[in-house]
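Reading through the structure tokens given below for one structure.
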Number of protein chains: 2
Amino acid sequence: MSKAPPPKPTDSELEILHVLWQHGPATVRAINDSLSQRRQAEVGYTTTLKILQLMLEKGLVRRDDADRSHVYRAAVREQETQGLLLDKFVDAAFGGSALKLVMQALGSRQTSADELAQIRRLLNDIEIQNSTPNPDEDERA
Amino acid sequence: MSKAPPPKPTDSELEILHVLWQHGPATVRAINDSLSQRRQAEVGYTTTLKILQLMLEKGLVRRDDADRSHVYRAAVREQETQGLLLDKFVDAAFGGSALKLVMQALGSRQTSADELAQIRRLLNDIEIQNSTPNPDEDERA
DNA sequence: AAGGTGTTACGAAATGCTTCGTAGTTGCAA
DNA sequence: TTGCAACTACGAAGCATTTCGTAACACCTT
């Protein structure tokens with residue numbers, strides 16, 4: 001056994017993760033400034049600090065406390081975290097059907113031709129992978 | 001002005017809505033039974049009752065209390081509710097990019113050829129609508 | 001050396017969600 | 001008619017999240 005994986009981040013924690021994913025490692029001060037910009041209102045400094053401390057305990061961030069102003073960085077990857085959240089969301093809101101979710105996301109929303117093209121490319125890639133069971137990765141079998 | 005729109009349902013409320021959307025109007029007893037099946041464990045009867053009462057106040061359900069056993073039914077539509085939840089989720093988890101969400105949903109997940117075909121059809125429909133700015137609905141301009 | 005500024009740590013209040021126990025009521029059956 | 005079983009209403013506890021105030025500490029400037 002090893003440590004438990006980091007739990008699903010809350011809304012506030014996710015907002016902080018977005019800042020860290022985008023800007024890289026940062027001090028509480030810098031994170032708090034980004035957060036205050038991102039929202040309408042000013043965010044209390046100690047509020048941001050507190051959330052970061054809780055995130056540290058949960059393993060969502062790491063910190064470098066060599067300097068007086070500690071530097072925090074994300075301990076979870078953006079794609080993995082989004083995938084985790086997406087799984088839960090698909091279950092809770094769409095009864096587990098990712099297809100329904102995709103249809104809803106594409107259907108009730110303005111989607112540009114460029115984006116549609118990207119999705120088509122992805123669809124092609126998926127179909128190729130489905131038909132040719134990737135000979136490269138299967139060599140370990 | 002009129003009444004405020006129903007708020008975003010919580011996880012438990014959403015679970016109850018799924019039951020109502022699927023089975024139609026039902027008594028607390030029936031809803032509670034469905035919930036107990038859906039989950040591993042037994043759900044307390046008064047727990048379900050309480051949540052339904054809160055949902056009634058929030059306008060998420062309506063009830064017919066003509067009989068002694070009140071009959072509840074969903075007051076919000078499945079698609080609309082899912083759309084609302086999806087909007088919030090896209091903002092919170094994917095920084096507002098529905099494209100990223102779709103890519104993630106399709107990329108990190110097993111998708112059948114049949115489902116891919118459905119998505120392709122939808123993509124075609126969207127492109128047609130994008131290129132021909134619906135002459136029917138624009139007659140009011 | 002002293003004071004001010006910025007930082008961390010911590011406690012705690014406010015809120016929302018979920019759960020359940022209890023009380024009161026209603027209808028039906030014996 | 002009496003009593004049991006099912007139902008509704010309500011209060012409250014437990015928990016997580018978010019927010020902030022306060023205390024303690026460190027560094028820098030004067």
Side-chain angles (χ1 to χ4, degrees), chain A residues 4 6-19 25-36 38-73 81 85 88-89 91-93, chain B residues 4 6-19 25-36 38-73 81 85 88-89 91-93:
Chain A
K8 183 165 84 77
T10 67
D11 285 347
S12 289
E13 291 168 349
L14 190 55
E15 216 180 338
I16 288 182
L17 283 176
H18 275 304
V19 171
T27 62
V28 179
R29 176 65 58 193
I31 295 168
N32 187 63
D33 288 351
S34 289
L35 246 50
S36 295
R38 193 178 270 259
R39 303 192 194 177
Q40 298 257 146
E42 187 73 11
V43 181
Y45 178 85
T46 56
T47 301
T48 303
L49 173 63
K50 178 70 158 187
I51 295 180
L52 279 165
Q53 287 169 344
L54 293 176
M55 291 175 77
L56 182 64
E57 283 181 11
K58 296 185 187 178
L60 291 171
V61 296
R62 294 194 216 290
R63 81 172 169 194
D64 174 1
D65 51 3
D67 288 341
R68 192 156 90 88
S69 293
H70 301 173
V71 174
Y72 289 84
R73 64 189 177 83
T81 303
L85 292 169
K88 306 254 186 193
F89 180 71
D91 282 347
Chain B
K8 182 166 84 77
T10 68
D11 285 347
S12 289
E13 290 167 350
L14 190 55
E15 217 180 339
I16 288 182
L17 283 176
H18 275 303
V19 171
T27 62
V28 179
R29 176 65 59 193
I31 294 168
N32 187 62
D33 287 350
S34 288
L35 247 48
S36 295
R38 193 178 269 259
R39 303 192 194 176
Q40 299 258 143
E42 186 74 9
V43 181
Y45 177 86
T46 56
T47 301
T48 303
L49 173 64
K50 178 69 158 187
I51 294 180
L52 279 165
Q53 287 169 344
L54 293 175
M55 290 175 78
L56 181 64
E57 283 181 10
K58 296 184 186 178
L60 290 170
V61 295
R62 295 196 216 289
R63 80 173 170 194
D64 174 0
D65 52 2
D67 289 340
R68 191 157 92 90
S69 293
H70 300 173
V71 174
Y72 289 84
R73 63 187 177 86
T81 303
L85 292 169
K88 305 255 186 194
F89 180 72
D91 282 347

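In what follows, chains are A, B, ... by sequence order, proteins preceding strands, each numbered from 1.
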Side chain to side chain donor-acceptor pair (under 3.5 Å) pairs, two or more places apart, involving residues 41-50 of chain A: A:Asn32-A:Thr48

Rounded distance [0.5 Å steps], CD1 in A:Ile31 versus OH in A:Tyr72: 8.0 Å

Segment of DNA chain C, first to last nucleotide, that comes within the 4.0 Å heavy-atom reach of chain A: C:dG6 to C:dA12

B:Ser36 (side chain) donor-acceptor with B:Val43 (main chain) under 3.5 angstrom: yes

Closest contact, heavy atoms only, A:Leu56 versus A:Val61: CD1-O, 3.4 Å

Partner residues of A:Leu85 under the side chain to side chain contact (heavy atoms under 4.5 Å, CB included) criterion, sequence neighbours left out: A:Lys8, A:Pro9, A:Leu14, A:Thr81, B:Phe89, B:Ala93

Stretch residues 10-18 of chain B: residues that reach within less than 4.0 Å of DNA chain C through a heavy atom: B:Thr10, B:Asp11, B:Ser12

Enclosure of A:Asp91 CG (heavy-atom neighbours >12, cutoff 6.0 Å): yes

Rounded distance [0.5 Å steps], CD1 in A:Ile16 versus CZ in A:Arg38: 10.5 Å

Residues which pass ring-ring contact (aromatic ring centres under 6.0 Å, His included) with A:His18, listed by chain and number, not counting sequence neighbours: A:Trp21

Residue pairs passing the salt bridge (Lys or Arg N to Asp or Glu O under 4.0 Å) test where at least one lies in residues 51-61 of chain A, sequence neighbours excluded: A:Glu13-A:Lys58

First of A:Val43 and A:Lys8 reached from the 5' end of DNA chain D, by closest nucleotide: A:Lys8

Sugar-phosphate only, base, or nothing, as touched by A:Val28 at under 4.0 Å among non-hydrogen atoms: sugar-phosphate

Stretch residues 48-58 of chain B: residues that reach within less than 4.0 Å of DNA chain D through a heavy atom: B:Leu49, B:Lys50, B:Gln53

Of all pairs that satisfy salt bridge (Lys or Arg N to Asp or Glu O under 4.0 Å), the ones with a partner from residues 62-71 of chain B, not counting sequence neighbours: none

Sugar-phosphate, base or nothing in reach of A:Thr47, heavy atoms under 4.0 Å: base

A:Glu15: side-chain hydrogen bond (donor to acceptor under 3.5 Å, both in side chains) partners, not counting sequence neighbours: A:Arg39

Phosphate OP1/OP2 of D:dT18: any A:Arg39 side-chain N/O under 4.0 Å: no

Sequence-aligned protein contact record of nucleotides 22-30 of chain D, with B where the base is within under 4.0 Å of a protein heavy atom and S where only the sugar-phosphate is: B---BS---

Closest approach of B:Pro7 to B:Leu60 (non-hydrogen atoms, all atoms of both residues): O-CD2, 3.6 Å

Rounded distance (nearest 0.5 Å) linking atom CD1 of A:Ile51 with atom OG1 of A:Thr10: 6.5 Å

